[in-house]
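The structure under discussion appears below in the form of structure tokens.
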Amino acid sequence: MRRTKEEADATRRAIMRAALAQFSEQGYTATRLSDIAEAAGVTRGAIYHHFENKASLYSALLEAFAGTFSAEVMEAIDKGGTFLEICRRVFVRPLAALEKDPGFAAFYELVQFHTVSIPELEAAHQQRMAADEAMLQQVAHYFQMGVNEGAVRPELAPDDLAQSFVALQNGLIHLWLLRERVFSLTEAAEAAAGIFVAGIAAGT
């Protein structure tokens with residue numbers, strides 16, 4: 001039974017990898033489930049065994065991307081250090097991971113620029129917006145801790161800090177994609193994080 005579950009998990013991962021590639025290359029609307037099945041080396045029936053439809057497959061990729069992003073953040077936190085050191089690392093690490101993974105970078109571009117007006121993906125986008133709002137609240141709580149510890153300027157509102165932090169991250173990614181990756185996202189993130197941290201540090 002364990003082997004069967006492992007095989008099923010492997011098939012699911014293969015389908016998701018193929019979907020990521022097909023969506024990135026052809027766009028969501030132009031991609032057919034048969035294209036994904038052929039690229040994954042499975043039948044359409046195998047796809048329907050794991051996913052209800054193309055939209056649910058897209059949603060699974062969104063969740064996988066969010067999970068990858070969150071894992072990078074947690075690893076950045078786990079490395080320890082001062083509050084501001086961790087803040088800087090949390091800013092940079094997910095963007096560096098995005099730059100290293102062309103597949104997810106292409107999928108992020110698809111999500112940001114090419115799927116926002118597709119009706120069948122409305123539920124997925126609403127889910128993403130809810131997740132983004134929850135994440136903003138977590139970041140605000142994190143900055144409140146920084147204020148409480150005396151590491152962050154006390155006159156700065158945690159909600160404003162959270163929005164600025166996330167907007168700066170997303171803005172860099174957006175610019176990097178829009179300019180067709182002509183600069184290093186990692187190096188730009190390092191520079192932006194330094195500016196941000198210097199601006200919020202207590203005593204500045």
Side-chain angles (χ1 to χ4, degrees), residues 7-74 93-139 163 165-186 188-189:
E7 290 175 347
D9 289 344
T11 299
R12 179 182 173 87
R13 289 193 298 270
I15 292 169
M16 290 180 66
R17 284 195 300 270
L20 176 60
Q22 294 299 309
F23 288 156
S24 300
E25 292 172 10
Q26 303 187 78
Y28 176 85
T29 302
T31 298
R32 301 169 299 175
L33 285 180
S34 57
D35 298 327
I36 297 170
E38 182 178 354
V42 302
T43 64
R44 279 172 57 97
I47 294 180
Y48 283 118
H49 177 73
H50 292 277
F51 304 97
E52 182 180 353
N53 49 38
K54 188 168 71 167
S56 69
L57 181 47
Y58 176 90
S59 295
L61 285 170
L62 276 179
E63 291 178 11
F65 176 77
T68 299
F69 200 93
S70 297
E72 293 294 337
V73 168
M74 292 309 301
R93 189 172 176 122
L95 274 61
L98 181 66
E99 184 172 27
K100 290 177 184 176
D101 191 332
F104 268 120
F107 182 68
Y108 192 97
E109 185 172 13
L110 180 76
V111 171
Q112 290 293 98
F113 302 125
H114 305 299
T115 59
V116 291
S117 60
I118 299 175
E120 69 182 80
L121 297 180
E122 179 60 25
H125 286 303
Q126 290 297 327
Q127 181 180 357
R128 179 174 171 237
M129 288 175 63
D132 286 348
E133 182 60 33
M135 184 263 293
L136 269 175
Q137 293 177 10
Q138 291 176 343
V139 176
Q163 289 181 9
F165 184 90
V166 173
L168 187 54
Q169 274 189 324
N170 287 339
L172 275 179
I173 296 171
H174 185 95
L175 186 61
W176 179 65
L177 293 172
L178 200 63
R179 295 186 63 195
E180 299 181 345
R181 305 165 175 79
V182 296
F183 62 89
S184 167
L185 182 59
T186 303

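All values below were derived from every heavy atom in this structure, side-chain atoms included, with hydrogens, water molecules and symmetry-related copies excluded.
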(request) Write down the atom of Glu72, the atom of Pro94, and the distance for their closest heavy-atom approach. (result) CB-CA, 4.0 Å
(request) Can you measure from CG (Leu20) to CG (Leu110) and round to the nearest 0.5 angstrom? (result) 9.0 Å
(message) For Ala46 versus Val42, what's the shortest heavy-atom pair and its separation?
(response) CB-CB, 3.9 Å
(request) Would you give the length of the straight line joining atom CD of Glu52 to atom OG of Ser59, rounded to the nearest 0.5 angstrom? (result) 10.0 Å
(message) Using side-chain heavy atoms (C-beta onward) and a distance below 4.5 Å, is His49 in contact with Arg12?
(response) no
(message) When you compare the side chain of His125 with that of Thr115, does any pair of heavy atoms fall below 4.5 Å?
(response) yes
(request) List the steps and the verdict of salt bridge (charged side-chain N to carboxylate O under 4.0 Å, His left out) for Glu109 and Arg181. (result) CA-CA 11 Å; Glu109 185 172 13; Arg181 305 165 175 79; 3.5 Å; yes
(message) Show the nearest heavy-atom pair for residues His50 and Ala8, with the distance to one decimal.
(response) CE1-O, 3.2 Å
(request) Taking the side chain as every heavy atom from C-beta outward, state whether Leu33 and Phe51 have any pair of such atoms under 4.5 Å apart. (result) no
(request) Output the distance between atom CZ (Phe104) and atom OG (Ser24), rounded to the nearest 0.5 Å. (result) 9.5 Å
(request) May I ask you to test the Leu98-Phe69 pair for a side-chain heavy-atom distance under 4.5 Å? (result) no
(message) So, applying side-chain contact (heavy atoms from CB on, under 4.5 Å) with Trp176, which one of Thr186, Leu185, Val182 is it?
(response) Leu185
(request) Look up atom OH in Tyr108 and atom CG in Leu62, then write down how far apart they are to the nearest 0.5 Å. (result) 11.0 Å
(request) To the nearest 0.5 Å, tell me how far Thr31 OG1 sits from Gln26 CD. (result) 4.5 Å
(request) Over 60° means perpendicular and under 30° means parallel, so classify the ring planes of His174 and Phe113, tilted if in between. (result) perpendicular
(message) Checking Phe107 against Phe65 for the ring-ring contact (aromatic ring centres under 6.0 Å, His included) test, could you report, in this order, the C-alpha distance in whole Å, the side-chain angles of both residues, the deciding distance, and whether it holds?
(response) CA-CA 9 Å; Phe107 182 68; Phe65 176 77; 7.0 Å; no
(request) With the side chain counted from C-beta on, respond yes when Val111 and Arg128 share a heavy-atom pair under 4.5 Å apart, and no when they do not. (result) yes
(message) Looking at Arg32 and Asp35, is any side-chain nitrogen of the basic one under 4.0 Å from a carboxylate oxygen of the acidic one?
(response) yes
(request) Would you name the heavy atoms of Ala14 and Ala40 that are closest together and state the gap between them? (result) O-CB, 3.7 Å
(request) Determine whether more than 12 heavy atoms belonging to other residues, nucleotides or ligands lie under 6.0 Å from atom NE2 of His114. (result) yes
(message) Let me confirm one number: the CD1-NZ distance from Ile47 to Lys54, rounded to the nearest 0.5 Å.
(response) 11.0 Å
(message) Other residues, nucleotides and ligands only: do more than 12 of their heavy atoms fall within 6.0 Å of CD on Glu38?
(response) no
(message) Would you say that Met16 contacts Leu57 through its side chain, given a criterion of any heavy-atom pair below 4.5 Å between the two side chains?
(response) yes
(message) If you define the side chain from C-beta out and look only at heavy atoms, does anything of Glu133 sit under 4.5 Å from Leu136?
(response) yes
(message) Counting the benzene-type ring for Trp, do Tyr58 and Tyr28 have ring centres under 6.0 Å apart?
(response) yes
